[in-house]
Amino acid sequence: PGDPEAGELGLAAVPGRQAAFRQGLEAAVRYARAVGCPRIHVMAGRVPLGTDRAAVAGEMETTFIENLKYAADLLSQEDMIGLLEPINNRITDPRYYLNTPHQAAAILEKVGRPNLKLQMDLFHCQIMDGNLSHNLETYFPLIGHIQIAQVPGRHEPDSPGELNFPYIFELLESLGYTGYVGCEYAPKGDTLQGLGWLRSYWESRGLQHGGTSKAAK
């Protein structure tokens with residue numbers, strides 16, 4: 001993430017911070033290796049303060065592509081995947097460089113490395129573009145990880161909001177998604193109470209707590 005105290009939120013697309021990006025990536029690889037995690041979120045970073053987004057877009061894209069190629073080479077030695085996550089600039093972070101799955105897909109195409117994937121956070125995608133079914137279907141071949149939170153409160157998926165998560169989960173199953181779905185939300189209460197939605201979802205699918213089939217038992 002760079003230096004949060006200096007207002008940084010990632011370095012991969014920030015001109016002039018290439019050396020710090022490489023140091024941070026190497027540290028992330030050491031942590032990922034230690035905990036057995038094969039995926040690393042390569043954070044793009046923010047548009048520098050005092051600059052116009054459009055004016056620096058080209059330079060930031062060039063920097064991003066250069067750093068992603070370096071990251072892909074390093075991660076391939078570890079059999080790891082690098083992930084690009086668009087973060088909405090309407091609510092969460094107005095200065096974040098990477099904002100939509102369309103932008104991320106275009107970057108991934110220009111980099112052209114198979115061990116770089118799209119981290120699709122449905123909270124951010126809904127705020128920026130909506131059209132989740134079409135976007136999931138369109139970008140499914142690029143997706144390496146999915147994260148969820150209800151919109152607009154960013155709470156549990158069964159909290160009041162815009163997204164129909166039972167439908168989305170069924171869509172992911174029909175598309176053949178076999179990866180993890182990360183629960184990146186802020187619980188309205190405590191964590192265990194907030195996981196009640198998952199118990200209810202398992203039961204609606206005829207599963208025991210833990211996701212195992214009742215029929216199998």
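Predicted, not measured: the structure shown is a model, and the values here were computed from it. Below, each value reflects all heavy atoms present in this structure, side chains not excepted, and no hydrogens, waters or symmetry copies. Starting from 1, each residue takes its place in the sequence as its number.
Tracing side-chain contacts under 4.5 Å through hydrophobic residues (I, L, V, M, F, W, Y), one never reaches L98 starting from L83; they form parts of separate clusters. Tracing side-chain contacts under 4.5 Å through hydrophobic residues (I, L, V, M, F, W, Y), one never reaches I81 starting from L25; they form parts of separate clusters.
Put simply, the side chain of F140 does not reach to within 4.5 Å of the side chain of L142, judged on heavy atoms. You'll find the side chain of Y97 stays beyond 4.5 Å of the side chain of V56, heavy atoms only. Side-chain contact check for S133 versus Y167: some heavy-atom pair is nearer than 4.5 Å. Counting heavy atoms from C-beta on, the side chains of T63 and I65 never come closer than 4.5 Å. The closest side-chain heavy-atom distance from I148 to F169 is below 4.5 Å. Within the 4.5 Å cutoff, the side chain of L118 has heavy atoms near those of the L108 side chain. The side-chain heavy atoms of H102 and Y139, taken from C-beta on, include a pair separated by under 4.5 Å. P48 has its side chain within reach of M60: a pair of non-hydrogen atoms, C-beta onward, lies under 4.5 Å apart.
For the atom pair CG of L132 and CD of Q126, the computed distance is 4.5 Å after rounding to the nearest 0.5 Å. Here the CG atom belonging to N67 is positioned 4.5 Å from the CZ atom belonging to F21, to the nearest 0.5 angstrom. One distance of note links CZ of R46 with CG of L11; it measures 11.0 Å at 0.5 Å rounding. A distance of 9.5 Å separates CG of D121 from NE2 of H41, quoted to the nearest 0.5 Å. Atom CG in L171 sits 12.5 Å away from atom CZ in F165 (nearest 0.5 Å). For the atom pair CG of N89 and CG of N99, the computed distance is 3.5 Å after rounding to the nearest 0.5 Å.
In terms of modelled atom types and a separation under 3.5 Å, the side chain of Q150 and the main chain of L163 share a donor-acceptor contact. Without hydrogens or angle criteria, Y96 side chain to A44 main chain gives a donor-acceptor distance under 3.5 Å. Of the possible polar contacts, none joining the T191 side chain to the P187 backbone as a donor-acceptor pair under 3.5 Å is found. Remark: the backbone N or O of M128 is paired with a side-chain donor or acceptor of R90 at under 3.5 angstrom. With hydrogens and angles ignored, the 3.5 Å screen pairs no side-chain donor or acceptor of E203 with any backbone N or O of Y201. Distance alone, capped at 3.5 Å, places no donor-acceptor pair between the R17 side chain and the A12 backbone. Using modelled atom types, one side-chain atom of H124 and one backbone atom of N88 make a donor-acceptor pair closer than 3.5 Å.
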Evaluation steps, side chain to side chain contact (heavy atoms under 4.5 Å, CB included), between L68 and L84: CA-CA 10 Å; L68 287 173; L84 278 62; 3.8 Å; yes
V14 vs E8, side chain to side chain contact (heavy atoms under 4.5 Å, CB included): CA-CA, chis, key distance, verdict: CA-CA 9 Å; V14 181; E8 293 179 333; 5.6 Å; no
R154 and T92: CA distance, side-chain angles, deciding distance, side chain to side chain contact (heavy atoms under 4.5 Å, CB included) verdict: CA-CA 11 Å; R154 208 168 189 177; T92 301; 4.1 Å; yes
Worked check of side chain to side chain contact (heavy atoms under 4.5 Å, CB included) between N135 and M120: CA-CA 10 Å; N135 284 333; M120 197 141 174; 3.8 Å; yes
Pair E85-K117, salt bridge (Lys or Arg N to Asp or Glu O under 4.0 Å): steps then yes or no: CA-CA 9 Å; E85 180 188 6; K117 298 285 186 180; over 6 Å; no
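Here the closest heavy-atom approach between residue R113 and residue D73 is recorded as NH1-OD1, 2.5 Å. Across all their heavy atoms, A72 and N115 have their closest contact at O-ND2, 2.9 Å. A pairwise comparison of heavy atoms in V151 and F123 identifies CG2-CD1, 3.7 Å as the closest pair. A pairwise comparison of heavy atoms in P160 and K188 identifies CD-NZ, 4.3 Å as the closest pair. The heavy-atom pair separating V42 from G82 by the smallest distance is CG2-CA, 4.2 Å. Here the closest non-hydrogen pair linking G36 and P38 is O-CD, 3.6 Å.
Applying the salt bridge (Lys or Arg N to Asp or Glu O under 4.0 Å) test to every pair with at least one member in residues 22-39, sequence neighbours left out, gives these pairs: R33-E78.
The closest side-chain donor-acceptor pair between S159 and Y185, if any, does not fall under 3.5 angstrom.
Partners of Y180 under the side chain to side chain contact (heavy atoms under 4.5 Å, CB included) rule, at least two apart in sequence or in another chain, are H145.
Other residues, nucleotides and ligands contribute over 12 non-hydrogen atoms within 6.0 Å of the CG atom of D190.
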